[in-house]
Amino acid sequence: MTEKKSLKKDPVNTDLISESEIPPNNDVSISSENIDLTEKAAVLLVEDMVSVTNSKVSQKMSIDSSNDEAKPKNSDFRSDSIQNASVLLVENQPLKGHDSKEEISSNVPVSEESDIKTPESNIPSSSKCPFPNDLDVETKNKQNDILINNSSQRQDSSPNSVLNKENTTHQDPSNQNLSKHRVSNDSFGEFEQATSSLHGLSESISLTRSFSTNSEKIINEISISRQPSISKVQNAIHDILNQFDPLREGANKTPMTGPNVKAEFWVDKAGFNYNTFLTQLRNPAAKPIAKEIKSPRTTDDQAKDKVLREKMNLFRWIKESHLDIPPSAHNSSFIQFARAELIKMNEFKSPRDKMICILNCCTVIFGLLKNVDGNVGADSFLPLLIYVIIVSNPPKLVSNVNYISRFRSPDKLQSEAGYYLTNVLGAIAFIESMDYTCLSISKEEFDRNIELSVWEIESEKKARALARSNSKNKSNNSSSSRGYWGSILVDDQAERASWLLEKGSSIAKSTLEKTNQFVEKIMSDLKTPSSPSPPPDSSSRTIPPDTNQENTSTRVLENSTNWVSTLELVCDMFPSFDKDVCEMVLQGNNGYVTETIEQLLEMSQSEIHQASFPQDLSDTVNENSILCEQENTNEPKSASNVEDEEVDDWRGQWADDSSDEEDLVRRATKLSLDPSASVHPQTTLHPIEVSEVPPFESDQALEIENKIKDVAIKSDTKDSSVKSNGKEKISEEIPSVSTPIIPDTSNDEQIARKLQEEEERNSRI
Amino acid sequence: MSLANAPSSTSERAQSRPRPKQFQFKLVLLAAFLTKVVTLENGDSVKFEIWDTAGQERYKSLAPMYYRNANCAVVVYDITQTASFDRAQSWIEELKKQADSNIIIALAGNKTDLNDQRTVSTSEGQSFAEQNNLLFFETSAKESTSIIDLFSKLAQKLVDAKSALPEHVDPSVGQGRSTVNLNSANDVQSQDACSC
């Protein structure tokens with residue numbers, strides 16, 4: 001302990017502290033074989049995350065080449081996370097110090113020191129850590145753990161009793177650094193479980209930053225050749241997460257229990273499973289990482305996203321006939337269905353979930369093709385896919401698709417998935433290079449249409465600018481052109497954006513230009529879980545008429561006005577079915593169009609099945625009778641219960657990739673059709689999260705987004721001691737965001753009541 | 001498992017003629033993408049992943065995306081249409097230029113059941129195939145003529161080409177989906193899972 005104290009006064013240390021004020025200092029000397037792998041993972045995993053969380057990490061690191069383990073001998077880093085609440089300063093072999101089992105070959109004196117400037121009150125607010133969704137307790141634990149691991153024997157301020165207790169354990173003179181963590185594992189195993197991941201990551205961050213000089217090269221390599229680098233990345237991630245996660249072994253001793261599991265960014269040392277790891281990116285805790293992995297800043301994905309989106313915007317006038325898609329009466333319903341799947345893709349995190357969205361979209365398109373003319377070749381499929389993509393104009397499509405092809409295991413991109421992904425890639429390439437020669441259209445008409453949409457886009461921009469000035473003047477009430485919802489959302493968005501950024505109008509402007517899409521997005525999000533389409537903000541918009549129609553929701557509950565039209569729609573889509581049958585199925589599905597279509601599709605398939613294999617007739621009949629029984633029960637609860645169970649079952653299997661692919665797709669369809677499941681469970685808690693996908697494009701905007709989410713969660717975790725002014729202010733804003741959504745839920749209840757009444761009436765009949 | 005269940009036909013034809021009922025059943029399961037496991041005499045099995053590509057001229061620039069990782073390609077023409085034979089030739093040239101240099105290409109003259117309307121003679125196709133070192137078959141997707149042979153031969157050639165052992169696949173994966181899909185543009189891409 002005396003040694004530590006003296007070390008603390010060491011001039012080198014002071015140097016480091018002052019040095020850390022300077023922007024990231026990347027002094028690297030690497031000569032170990034492992035480093036190559038390590039840096040890749042680091043780049044991928046953490047480097048971008050560092051910037052997302054806005055934390056400033058500066059470190060100086062030199063790695064001894066003689067050390068086979070590639071352990072840094074001297075590593076200093078200072079990490080200021082968002083709130084600058086805590087500063088960790090580790091000197092001299094933190095890894096070695098933590099490693100309880102591995103033998104240390106070199107005799108460098110082990111000493112650690114940390115300068116903890118975290119005031120007590122700031123500890124609960126430690127959700128500034130890269131895991132924005134952590135529960136309060138967990139974040140506390142994490143904070144504690146950082147203190148444990150990095151501060152070891154000496155602490156200037158001991159924020160709470162737990163820490164003190166831990167410190168006493170560590171300060172036991174008989175325990176040198178080597179045994180320290182074993183002790184702490186025994187005593188505070190649970191804490192460490194919850195926190196080891198953060199610990200590992202924070203170290204990774206520091207390490208990674210020092211490798212950033214090479215990051216571009218690596219990213220390039222990764223994006224150029226998918227297959228070889230995937231394995232490298234796997235190895236790299238494996239390496240880094242284990243090598244720099246010294247508590248892993250200790251944590252493995254105790255089984256994972258309790259809520260801590262949820263926040264765990266878990267990588268098993270022995271059996272690292274790349275797929276599982278990626279599946280875990282779906283975890284809300286990994287949101288910032290996932291976001292950055294999705295469209296790495298070092299690639300041009302984001303630019304491509306933007307270009308493609310604008311191009312599709314320019315081609316908004318396109319009709320089926322331009323792509324020689326045979327006209328049919330029921331195209332639009334199916335296409336909306338497929339469209340919803342595509343748009344939803346951006347909301348999922350893991351490559352697998354995104355892939356499932358594509359699968360679902362393609363399945364729906366094939367369903368349409370089957371229903372129209374039975375011709376399911378690529379000749380009719382690809383044009384329709386292109387059309388659906390243009391019509392839906394999904395946000396960040398290029399990023400998402402590249403993300404899938406980079407990170408979905410190549411094994412899983414075989415067969416159907418691979419085919420569909422290739423088709424989507426093909427469609428994107430087609431759209432990117434699309435001109436009048438690619439379409440069945442004359443040059444004159446093409447030019448005219450393009451001019452028209454340019455004009456439309458211009459006037460939309462003007463309208464948005466107008467709305468912005470309106471909102472800035474606080475003339476919410478008068479901005480009736482966009483309707484109540486529109487004005488509130490626009491206003492709120494503007495306020496948040498401008499306030500949060502504090503970077504002047506330029507970024508806020510670009511954000512606001514997206515507001516229209518943002519509003520649309522929210523509308524479509526709102527309409528997904530509930531039936532009544534929110535008041536369409538139509539009057540001032542010059543978007544072609546069908547855009548508003550599309551807002552009328554794919555999912556219509558049976559209320560007096562919608563019921564008839566829904567029924568007609570369904571009957572229209574399935575001319576082969578009796579109207580009564582359609583009605584029955586619709587009732588059986590509580591008026592949910594999506595489920596109804598799904599079921600009718602299944603039924604139509606089983607009919608064909610029946611026709612071709614008479615010996616299977618009895619089975620099919622049984623199936624159908626079961627179906628009918630379900631429909632006739634007239635108990636909405638039972639149906640929904642089944643659905644819930646399925647969803648739960650499905651959720652339980654997130655990490656299970658081994659299930660049969662076909663089954664998987666089918667279940668995924670179910671999942672994606674379930675309104676509550678289309679949003680992540682965590683996100684449903686926070687109204688703001690439902691609207692989480694404003695089409696921000698700039699990096700700063702991404703950061704805002706993260707911050708907003710961060711705050712949204714924080715406001716929920718009873719964390720009253722948020723000291724940071726900024727955060728406080730934002731969290732005050734949260735209620736104003738949630739207000740517009742609340743009436744909607746009550747609306748939902750009304751509809752649910754209506755629905756039940758309707759059901760009862762039907763059963764009486 | 002037999003390709004007898006697996007006829008297909010070009011789109012025009014599919015509409016003008018009644019199909020076997022089994023084919024309808026297949027249609028429910030299949031799409032533009034198919035899987036077919038071919039078991040060789042020595043017990044090795046090769047799983048074909050058959051990708052259909054859009055054949056229209058405007059999508060021709062996208063074709064490389066589809067055959068980029070393909071191990072073999074089946075180019076199909078219609079023996080009743082000389083134009084389709086011409087296009088098949090241009091496809092083969094493109095494949096030779098752009099695709100993987102080890103790609104195995106098979107040329108198939110389809111619709112032998114319409115022999116009376118034939119406009120491309122067997123010898124024409126045969127000689128073109130020989131010049132370009134292609135596998136050549138005349139098939140009838142409708143009557144499932146020669147399709148088994150075609151894919152067995154392809155599988156054999158693949159196994160020969162790759163000294164590596166082919167992937168053994170659970171046959172159940174392929175069952176029920178085994179079918180050959182052709183399209184009106186006379187181009188079918190096959191992707192073989194064993195060496196991807």
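Each chain gets a letter, A, B and so on, in the order the sequences are listed, and its residues count up from 1. Below, all heavy atoms of this structure are taken into account, side chains as well, without hydrogens, waters or symmetry copies.
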Original post:
For atom NZ of Lys153(B), is the number of surrounding heavy atoms from other residues, nucleotides or ligands below 6.0 Å larger than 12?
Top reply: no

Original post:
Looking only at heavy atoms, which two atoms of Gly426(A) and Met65(B) are closest? And how far apart?
Top reply: CA-SD, 3.3 Å

Original post:
Atom OG1 in Thr422(A), atom CG in Leu62(B): separation rounded to 0.5 Å?
Top reply: 11.0 Å

Original post:
Is chain B contacted by the side chain of Leu323(A), its backbone, both, or neither, given a heavy-atom distance below 4.5 Å?
Top reply: both

Subject >> ring pair (Phe, Tyr, Trp, His ring centres under 6.0 Å) involving Phe430(A) - partner list, sequence neighbours excluded >> reply: Tyr59(B)

Original post:
Does some side-chain heavy atom of Arg58(B) sit less than 4.5 Å from a side-chain heavy atom of Asp324(A)?
Top reply: yes

Original post:
Cys362(A), Pro383(A), Ala427(A): which one forms the most heavy-atom pairs within less than 4.5 Å of chain B?
Top reply: Pro383(A)

**OP:** Name all residues meeting the salt bridge (Lys or Arg N to Asp or Glu O under 4.0 Å) criterion together with Asp447(A); count only those two or more places apart in sequence or in a different chain, and write none if there are none.
**Re:** Lys443(A)

